Amino acid sequence: MATFRAGKKTHRVVPPQQLAVELDSADNPGIRGETGIEDRHAPVPGAGHGREEPTAVSSHGSGVTPSLAAGEMPRERHPFVFVLDKHGRPLQPCTPARARRLLMKERAVVHRHTPFVIRLKERTLAGSEVDGVEVGIDPGSKHTGVAVFTTMSGERRGLYSLQLDHRGAAIRQKLGQRAAYRRRRRTRNLRHRAPRFLNRCRPDGWLAPSLRHRVDITMSWASRLSRWAPVRAVHVERVAFDTHALSVGKPLEGAEYQQGTLYGCEVRAYLLAKWNRTCAYCGASGIPLQIEHIRPRSRGGSDRLSNLALACEPCNQAKSNRPVEEFLAQKPKILARLLAQARRPLRDAAAINSTRWVLWRALDAVLPTHTASGGRTKWNRTRTGLPKSHTLDALAVGKLDAITETVTTVLVAGCAGRGTHTRTRTDRHGFPRLRMPRQKTFFGFRTGDLVRAVVPAGKKAGTHTGRVAVRATGRFNITTAHGTVQGIHHRHTHLVQRADGYAYTTRAERTATPEPSDPPGESRRGRPCRAPVPYAPENTGFRQEMG
């Protein structure tokens, strides 16, 4: 089960936020110095941070970052905070520093912990100027990137980033297990059951549950963001790979590819995704990679995708036209992994192809939706100097001139489910070993709730914040950043947020490094890329506890 983890103590009122750069004052025009002024196009004196360049106030009240010069990198900043009015209607997101100031002045209350949303006590939508935000979506087979941003004069400014982790593979595995159980029952000497084949009809547009899940989770979060932010439009990327063109024996040899701008892009983009942008032989990354034939053409190898891999220049030259079995004779583990990965089918690309139009129609029925190609997304990302990630791709979807700001932290939402209908637990032989209780709520808590336990004394003394696993005995297990604390009594436990079927964690956004397709010596920022943070104890939740 995925867990919600948190870290050390911080302020009691607000969830942990690092020190942010304030742009200007904004929320209630009636109070100067803290909340801005009615003339939103004039700078607010005294509101800039000492580390920041002076900025002017934009039409959305959060400040304007000057246009980037040629070759300048987008500015990084902390994610914004979603704001609601007194009636729960979305207002323009604000900076973490401003949200902290509102909470400490008791002019706002915490509406939701993760993602962090505040609700103003006095402000209404009718008395506010809301310019709105836009949402970019980069669909994927395993992960989907979502970015919330503002657009002004073709320049995008990232406000919030979200990564959705799909569980389509787990759904497919569960369906396979169910089919095996039913197949086994048909061969047993059980009571006769009349066949029911005439009721197995599928409506038009039916998708397999593992594919439908990808559409439903994306639509669910698009609806959530619309409740927390004034979303005006959605930009979604279409499929990046043409499975028909990729699966034929001679990839991309038609005139429309040879003479157009897509020549060679489909195969190369797919191979970069398939081999995780690393050399298939030595695992090197962050360097230029070349398309290489696993079985050399001089020895009968074909141009099919199952015979293509990515290799760095030293490995490609060292292998030459030797068979891969001879080249990796001293590395049997790498050879077995390479051959297994080379035979991997186009399942991920087919999943995206199957859901792209369903997702677009579902989004367009709710919000104005604009589509763009994967090639344009990559072009936008490359010319703005951003590295490859789902969230940055979502920020670069569609038509834009420049990206002036990106966020430093990405919220990762993984599907954790809402429990199970199983009433027993089995041993390794399949026999039941214990029975599960029929109720899910004990002492007001359910498994998956985000809680904070303050233990005054004993071995477990201290503050523990994380995801709770309830027990009928009243002693719960709480998973925190330092591991699982067992046996916390329910009287020390306080609810922070109800379980919503997701487990949350955060990761640092990637910083710019040269992609494998970049020429040598053209590093965009010269700093190492920060790898995505998995559901690890030290990198979960907001990484800090509420004291």
Side-chain angles (χ1 to χ4, degrees), residues 1-18 20 78-85 88 90-91 93-104 106-121 146 148 159-165 220-221 223-229 407 409-416 418 444-454 463-470 476 478-481 485 488 492-507 533 535 537 539-547:
M1 177 182 296
T3 58
F4 187 112
R5 310 182 191 275
K8 300 181 180 179
K9 299 180 181 179
T10 183
H11 196 275
R12 182 178 298 274
V13 180
V14 298
Q17 299 284 349
Q18 302 180 18
H78 301 287
F80 275 46
V81 176
F82 298 115
V83 183
L84 304 178
D85 72 349
L91 299 177
C94 69
T95 61
R98 190 175 311 145
R100 179 180 288 107
R101 192 164 58 240
L102 289 171
L103 292 170
M104 296 184 66
E106 296 185 355
R107 298 184 51 219
V109 296
V110 177
H111 180 79
R112 182 183 174 87
H113 186 278
T114 309
F116 192 57
V117 185
I118 64 173
R119 185 177 69 251
L120 301 179
K121 293 183 178 180
V146 181
V148 180
L159 305 181
Y160 201 85
S161 293
L162 172 70
Q163 177 179 308
L164 307 178
D165 289 351
S220 174
W221 277 95
S223 176
R224 290 184 176 203
L225 292 176
S226 299
R227 296 198 304 266
W228 302 329
V407 297
T409 306
V410 177
L411 177 66
V412 182
C415 292
R418 298 179 181 269
F445 300 93
R446 302 181 68 174
T447 297
D449 290 344
L450 176 63
V451 299
R452 181 175 65 252
V454 181
T463 302
H464 312 282
T465 303
R467 204 163 182 260
V468 65
V470 299
F476 303 155
I478 301 177
T479 304
T480 67
V485 183
I488 301 295
H492 302 310
T493 307
H494 305 279
L495 180 68
V496 175
Q497 179 173 299
R498 286 291 182 187
D500 59 355
Y502 294 91
Y504 298 98
T505 183
T506 58
R507 68 167 176 84
V533 179
Y535 293 103
N539 298 301
T540 319
F542 279 97
R543 292 194 247 183
Q544 293 181 345
E545 294 181 358
M546 296 173 60

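The model shown is predicted, which means the values in this text are computed figures rather than measured ones. Here, residue 1 is the first one in the sequence, and each next residue gets the next number.
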Nearest 0.5 Å please: distance from the [atom1] atom of [X] over to the [atom2] atom of [Y].
{"X": "R467", "Y": "Q497", "atom1": "CZ", "atom2": "CD", "value": "11.5 Å"}
{"X": "T95", "Y": "L159", "atom1": "OG1", "atom2": "CG", "value": "11.0 Å"}
{"X": "K121", "Y": "L102", "atom1": "NZ", "atom2": "CG", "value": "11.0 Å"}
{"X": "I478", "Y": "T493", "atom1": "CD1", "atom2": "OG1", "value": "4.5 Å"}
{"X": "I118", "Y": "R107", "atom1": "CD1", "atom2": "CZ", "value": "10.0 Å"}

Please name all residues satisfying side chain to side chain donor-acceptor pair (under 3.5 Å) with [X], sequence neighbours left out, ordered by chain then number.
{"X": "R446", "result": "none"}
{"X": "D500", "result": "R112, R224, Y504"}
{"X": "R418", "result": "none"}

inquiry  = List the residues meeting side-chain contact (heavy atoms from CB on, under 4.5 Å) with V407, not counting sequence neighbours, and say none if there are none.
reply    =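 By the side-chain contact (heavy atoms from CB on, under 4.5 Å) rule, V407 matches P79, S161.
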request  = Mind checking side-chain contact (heavy atoms from CB on, under 4.5 Å) for H494 and listing every partner two or more places apart, or none if nothing turns up?
outcome  =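 side-chain contact (heavy atoms from CB on, under 4.5 Å) list for H494, sorted by chain: empty.
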inquiry  = Please check: side-chain N/O of D165 versus main-chain N/O of A413, any donor-acceptor pairing under 3.5 Å?
reply    = no
Side-chain heavy-atom pair [X], [Y] within 4.5 angstrom cut-off:
{"X": "R498", "Y": "D449", "value": "yes"}
{"X": "D85", "Y": "L120", "value": "no"}
{"X": "L450", "Y": "T465", "value": "yes"}

query = Parallel, tilted or perpendicular: which describes the rings of Y160 and F82, with under 30° parallel and over 60° perpendicular?
reply =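 Answer is tilted, since the angle falls between 30° and 60°.
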I need the minimum non-hydrogen distance between [X] and [Y], along with the two atoms involved.
{"X": "P96", "Y": "H78", "value": "CG-CB, 4.3 Å"}
{"X": "I488", "Y": "A453", "value": "CG2-CB, 3.7 Å"}
{"X": "A108", "Y": "L103", "value": "O-CD2, 3.3 Å"}

inquiry  = Between V110 and F116, is the side chain to side chain contact (heavy atoms under 4.5 Å, CB included) condition met? List the steps.
reply    = CA-CA 8 Å; V110 177; F116 192 57; 3.6 Å; yes
key: Among L164, L411, V410, the one residue meeting side-chain contact (heavy atoms from CB on, under 4.5 Å) with V146   =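 Running side-chain contact (heavy atoms from CB on, under 4.5 Å) over L164, L411, V410 with V146 returns exactly one hit, L164.
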query = Among all residues two or more places apart in sequence or in another chain, which pass the ring-ring contact (aromatic ring centres under 6.0 Å, His included) test with W228?
reply =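 Not a single residue meets the ring-ring contact (aromatic ring centres under 6.0 Å, His included) criterion with W228.
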